[in-house]
Amino acid sequence: MSLPLALFAQELVVRIGHVGPTSGSIAHQGKDNEMGAKMAVEDLNSRGAVIGGKKVRFELLAEDDAADPKQATSVAQKLVDSKVNGVVGHLNSGTSIPASKIYSDAGIPQISPSATNPKYTRQGYKTTFRVVADDVHLGGTLGRYAVTTLKGSAIAVIDDRTAYGQGVAQEFEKGVIAAGGRIVSRQFTTDKATDFMAILTAIKAQKPDIVFYGGMDAVAGPMIRQMKQLGLAVRFMGGDGVCSTELPKLAAGAVGDGQVICAEAGGVEGEQKKGMDDFRAAFKKKFGVEVQLYAPYVYDSVQLLAAAMVKAQSSDPAKYLPALAATEGYKGVTGTISFDSKGDIKNGALTLYTYRAGVHEPIAVVR
């Protein structure tokens, strides 16, 4: 009877923190991310891992930052105080950036599955990583696509003044101008706004052929609905925050076939597509819902932390951090992951999407 007790004594508990907005207007995206983390932890525990001669049991400590920077720093400190071994999150750039200082000060590795503002990995912190392309790549690619492929000649830009929305809109503008396009209107709103009639009326007067919005789907949906009410029947573009499976529902059926063009910061093609398809099927079977956006990237982020711990044979952040930073050619469900010296993913992909009959459809993977 002593054997099980001996094994139990050898168990190592590793705590992984996850933070996303599981309340508020983009709770559907935060919950999607959290489900990705739960799935990763359960898969790790079912496979079993040994670190430093001890059997590991992974535990998930999930927190809600409500997409609010102040709440983000509060829950980041809570996770630090709980002595987590690593953190996956936050979802938004505006929450990931302030929280990153707290994790850096504590020496705890942080991987964001979805923060795209370039500043996030350019603060000089050794603990900060991301598994998606940044806004320079995402916004710039969309801007060039608007002019060269969609033949946009008069483009209006709106952003929600958040770190993410402002960042992606600025890079989109640069891409438009570099490709020879013209910005005819520049407008601003907030991530809590619901009435866009004034700014859309001002935009309509400039006769644009494309409207770009830097922000999240919870605002983009009502904006598209109000564009339809105003008779502003033009293409609508957005970054990854807009590019969810929930958008047609948030727009109350106002999304026309092929009207919306958006990009997800990530993408798989060729042989890698099967891994993503299998993940999506397993996710739906487990939770009864489709993947919204970044759950697969959260899943890979949790797995990356665990792989670095196993490689270093330590769950001590100071000891496994060098192994995480040296990640090269990791085969994840979202593709092959390698980090550069800043903690950014090398050769990050983008997937361009549109919607037809309310269904989110990929157009192309761009690097």
Side-chain angles (χ1 to χ4, degrees), residues 13-46 57-69 71-82 84-96 98-100 102-103 108-116 120 129-132 164 191 216-218 240-241 243-247 249-250 264-266 276 279-306 332-334:
V13 175
V14 173
R15 294 184 177 90
I16 304 292
H18 175 268
V19 191
T22 51
S23 64
S25 64
I26 55 167
H28 55 287
Q29 292 199 27
K31 287 171 184 170
D32 181 59
N33 278 21
E34 192 174 296
M35 285 187 281
K38 282 178 181 169
M39 195 161 158
V41 164
E42 287 178 20
D43 285 357
L44 284 168
N45 286 333
S46 69
R57 178 166 55 85
F58 289 91
E59 281 185 1
L60 183 68
L61 273 64
E63 294 291 343
D64 172 26
D65 65 16
D68 176 70
Q71 193 163 321
T73 54
S74 172
V75 296
Q77 190 59 54
K78 184 179 173 184
L79 288 175
V80 168
D81 293 343
S82 300
V84 291
N85 301 84
V87 173
V88 174
H90 300 206
L91 186 149
N92 311 71
S93 296
T95 51
S96 297
S100 63
I102 291 166
Y103 302 129
I108 295 172
Q110 171 196 11
I111 306 177
S112 175
S114 47
T116 54
Y120 170 65
F129 303 87
R130 76 171 123 219
V131 292
V132 290
Y164 163 68
D191 59 348
M216 305 299 285
D217 60 355
D240 50 333
C243 218
S244 71
T245 54
E246 196 79 357
L247 182 69
K249 194 189 296 180
L250 292 164
E264 179 182 307
M276 179 67 90
F279 175 86
R280 288 177 182 274
F283 185 93
K284 186 166 187 187
K285 185 179 178 185
K286 186 174 192 60
F287 299 111
V289 292
E290 301 283 354
V291 167
Q292 279 289 333
L293 200 56
Y294 284 120
Y297 298 88
V298 175
Y299 181 91
D300 275 355
S301 299
V302 174
Q303 298 283 348
L304 280 166
L305 290 174
V333 298
T334 62

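On a predicted model such as this, the values are computed, not experimentally measured, just so you know.
- Within the 4.5 Å cutoff, no side-chain heavy atoms of Arg130 are placed close to those of Ile111.
- Formation of a donor-acceptor pair under 3.5 Å by the Gln29 side chain with backbone atoms of Gly241 is found in this model.
- When atom types are taken as modelled, the side chain of Ser82 and the backbone of Val84 share no donor-acceptor pair closer than 3.5 angstrom.
- Looking at heavy atoms from C-beta onward, Asp64 lies out of side-chain contact with Val75 at the 4.5 angstrom threshold.
- Under the 4.5 Å side-chain criterion, counting only non-hydrogen atoms from C-beta, Met276 is in contact with Thr334.
- With a 4.5 Å cut-off on side-chain heavy atoms, Asp240 and Tyr294 count as touching.
- Between the side chain of Asp300 and the backbone N or O of Val333, at least one donor-acceptor pair lies under 3.5 Å.
- Judged as a side-chain hydrogen bond (donor to acceptor under 3.5 Å, both in side chains), and not counting sequence neighbours, the contacts of Asp43 are Tyr299.
- With a 4.5 Å cut-off on side-chain heavy atoms, Glu59 and Ile16 do not count as touching.
- The main-chain N or O of Ala295 is found under 3.5 Å from a side-chain atom of Asp32 such that the two form a donor-acceptor pair.
- Between Phe279 and Phe283, the ring planes lie tilted relative to each other; the angle falls in the 30° to 60° range.
- In summary, Lys31 and Glu34 do not engage in a salt bridge, as defined by a charged side-chain N under 4.0 Å from a carboxylate O.
- Ion pairing between a basic and an acidic side chain is recognised when a charged N comes within 4.0 Å of a carboxylate O; Glu290 and Arg280 show no such pairing.
- Residues His28 and Asp217 are in side-chain contact: their nearest non-hydrogen atoms beyond the backbone lie under 4.5 Å apart.
- Taking a cutoff of 4.0 Å between a charged side-chain nitrogen and a carboxylate oxygen, Lys38 and Glu42 do not qualify as a salt bridge.
- Side chain of Thr95 to main chain of Asp68: no donor-acceptor pair is present (N/O by atom type, distance under 3.5 Å, no hydrogens or angles).
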Audit row: Met216, Leu91, side-chain contact (heavy atoms from CB on, under 4.5 Å) steps and yes/no
CA-CA 11 Å; Met216 305 299 285; Leu91 186 149; 3.9 Å; yes
Passes side-chain contact (heavy atoms from CB on, under 4.5 Å), His18 versus Val298? Steps please. CA-CA 9 Å; His18 175 268; Val298 175; 3.9 Å; yes
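- In terms of modelled atom types and a separation under 3.5 Å, the side chain of Asn45 and the main chain of Phe58 share a donor-acceptor contact.
- For the pair Pro109 and Val87, the minimum side-chain heavy-atom distance is 4.5 Å or more.
- Counting heavy atoms from C-beta outward, Pro21 and His90 have side chains that stay 4.5 Å or more apart.
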